[in-house]
Amino acid sequence: MRKLLIGTISTVVGLISFLVLGLVLVIATEIDADLPDDSGDGLAGGMTAKVPKEFRHWLRRADRECKHREVTAGLLAAQLHQESGFNTSRKLKSKAFAKGPAQFVDGTWATWGRDIDGKNGADPYDVPDAVIAQGRLMCSLLGQAKKSGIKGDPRALALAGYNAGWGAVQKYKGIPPYPETQHYVSIILRTVKDFSAPDGGGDLKVAGHSTAAKALRKAARKIGTPYAYGGGTPNGPERGFCDGNNGYANGVCAASRTKGFDCSSLMQYAYWPKIKLPRTAHAQYDATSDHPVARDNLRQGDLLFWSHGTGFIYHVAMYAGDGKVLHAPRTGKSVELVPLKTAMPARDYRGATRP
């Protein structure tokens, strides 16, 4: 009996130790994953120096967490600027008693607030807690916007839902006719470019004032703009279309309600009007193929192309220097800066040209 009792106690103690260790590991893993990392890989959307340093890592994490690529670090930063000007003072409260840099009221915070950094519980004034809650709420609203069937930019609908409540968006089948909400949506979408940069924490360095340099700078200002198949003109982002195979997301034609660029319209926009590139990637290759560029001689502004074998050119990007390209990749993503080696399948790389 004594041996049985000792064995039972040992088992219980072992089980408790295992559970405690597991909890410690979970907590450690969560905190470890959140250690500041300002290296930036271009995949999560970058920010300009207008975004305070203490917000940058958490904005990148919020961006990475959301499967909807319209939710970018730049968009969330522009929203925070409109909400509070990145103010973390505990004296900051709105007339509706919204708190913290992301301006959460108590009821909404109870749903979305979490203790992200393991410090002092969930706190709407704490930067990590506030930004991740903001990102998760915006991601949820973006998903609702896409599924709703309501026409318009899903980013605008999500922002309207954040400001006025999703119920109001559903009631009016679009941005509610409230002056505050309409101003809120308009100014955030207008200022996204002011907070977005090609790489996770700094401006893209472009040398000189050549046509190519100006084209790269112009394209870089559109980082974070959604991809829209068939969308975009020499004048800027426009809604696209679906052709039976392209432009769809989750079985729905996303392109027709997304104002953005596809890969070739972004290149056309960047070089226009100095160089009037044709509209499609294949036509752009044909128009510039008499000026081929070897991979080890690439310069900023060069065009890079991908095709299936020696056939139809299906993608174009712009070389941004330092082994990276700037492009509009595909439906569900946004204009971004990424390593050349991961931009598209390496086997499909066709070559580069200099416009």
Side-chain angles (χ1 to χ4, degrees), residues 30 33-34 36 44-48 50-90 92-94 96-146 153-166 168-169 180-181 183-192 194-196 200-201 224 226 334:
E30 175 72 9
D34 295 333
M47 290 157 281
T48 66
K50 290 187 176 183
V51 182
K53 188 174 181 179
E54 64 267 29
F55 284 84
R56 294 178 190 170
H57 168 71
W58 304 106
L59 285 164
R60 289 193 197 100
R61 172 173 163 174
D63 181 323
R64 290 194 302 269
E65 280 192 7
C66 184
K67 65 179 181 179
H68 303 293
R69 297 312 302 162
E70 294 90 343
V71 176
T72 65
L75 176 68
L76 296 174
Q79 185 180 25
L80 282 171
H81 184 263
Q82 180 60 23
E83 288 285 355
S84 67
F86 302 104
N87 192 336
T88 58
S89 170
R90 291 190 175 273
L92 177 65
K93 291 183 182 179
S94 72
F97 299 102
K99 303 172 182 176
Q103 289 290 276
F104 276 94
V105 295
D106 289 343
T108 309
W109 183 253
T111 300
W112 296 100
R114 299 290 185 274
D115 183 9
I116 299 300
D117 56 356
K119 299 177 181 177
N120 304 319
D123 183 353
Y125 292 98
D126 184 58
V127 170
D129 298 357
V131 171
I132 298 304
Q134 172 205 6
R136 290 173 179 175
L137 174 53
M138 277 295 292
C139 191
S140 176
L141 289 167
L142 207 297
Q144 292 182 74
K146 287 183 172 181
D153 185 340
R155 298 178 304 162
L157 298 176
L159 288 168
Y162 194 102
N163 180 262
W166 184 250
V169 176
E180 177 191 334
T181 302
H183 173 72
Y184 177 86
V185 171
S186 174
I187 196 168
I188 291 173
L189 292 180
R190 192 169 65 247
T191 57
V192 168
D194 297 331
F195 297 93
S196 302
S334 302

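Quick note: residue numbers are just sequence positions, from 1. Computed from a predicted structure; not experimentally measured.
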Ser186: partners by side-chain hydrogen bond (donor to acceptor under 3.5 Å, both in side chains), with sequence neighbours left out: Arg190
Check side-chain hydrogen bond (donor to acceptor under 3.5 Å, both in side chains) between Thr191 and all other residues, then give those that pass, not counting sequence neighbours. none
Rounded to the nearest 0.5 Å, how far apart are [atom1] of [X] and [atom2] of [Y]?
X: His68; Y: Ser140; atom1: NE2; atom2: OG; answer: 8.0 Å
X: Gln79; Y: Ile187; atom1: CD; atom2: CD1; answer: 13.0 Å
X: Trp112; Y: Phe104; atom1: CH2; atom2: CZ; answer: 8.5 Å
X: Asp194; Y: Ile188; atom1: CG; atom2: CD1; answer: 12.5 Å
X: Trp109; Y: Arg114; atom1: CH2; atom2: CZ; answer: 9.0 Å
X: Cys139; Y: Gln134; atom1: SG; atom2: CD; answer: 12.0 Å

Considering only heavy atoms from C-beta outward, does the side chain of [X] approach that of [Y] to under 4.5 Å?
X: Tyr162; Y: Thr108; result: no
X: Gln144; Y: Val169; result: no
X: Leu159; Y: Asn163; result: no

Indicate the ring-plane relationship of Phe195 and His81, choosing parallel, tilted or perpendicular according to the 30° and 60° boundaries.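 It falls in the tilted class, 30° to 60°.
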Salt bridge (charged side-chain N to carboxylate O under 4.0 Å, His left out) with [X]: which residues, sequence neighbours excluded?
X: Glu65; result: Arg61, Arg136
X: Asp106; result: Lys99
X: Glu83; result: none

Would you name the heavy atoms of [X] and [Y] that are closest together and state the gap between them?
X: Leu189; Y: Arg155; value: CD2-CZ, 3.8 Å
X: Ser196; Y: Gly74; value: OG-CA, 3.4 Å
X: Ala102; Y: Ala130; value: CB-O, 3.9 Å
X: Ser84; Y: Pro101; value: OG-O, 2.7 Å
X: Ala160; Y: Val185; value: N-CG2, 3.7 Å
X: Leu76; Y: Ala62; value: CD1-CB, 3.7 Å

Table please: side-chain donor-acceptor pairs of residues 119-128 below 3.5 Å, with sequence neighbours left out.
unit_1, atom_1, unit_2, atom_2, d
Asp123, OD1, Tyr125, N, 2.9
Asp123, OD2, Arg90, NH2, 2.3
Tyr125, OH, Leu92, O, 3.3

Could you give me the CA-CA distance, side-chain angles and deciding distance for Leu80 and Val131, then say whether side chain to side chain contact (heavy atoms under 4.5 Å, CB included) is met? CA-CA 8 Å; Leu80 282 171; Val131 171; 4.0 Å; yes
Before you tell me yes or no, could you show the steps for Asp115 and Asp129 under side chain to side chain contact (heavy atoms under 4.5 Å, CB included), namely the whole-Å CA-CA distance, both residues' side-chain angles and the distance that decides it to 0.1 Å? CA-CA 6 Å; Asp115 183 9; Asp129 298 357; 4.0 Å; yes
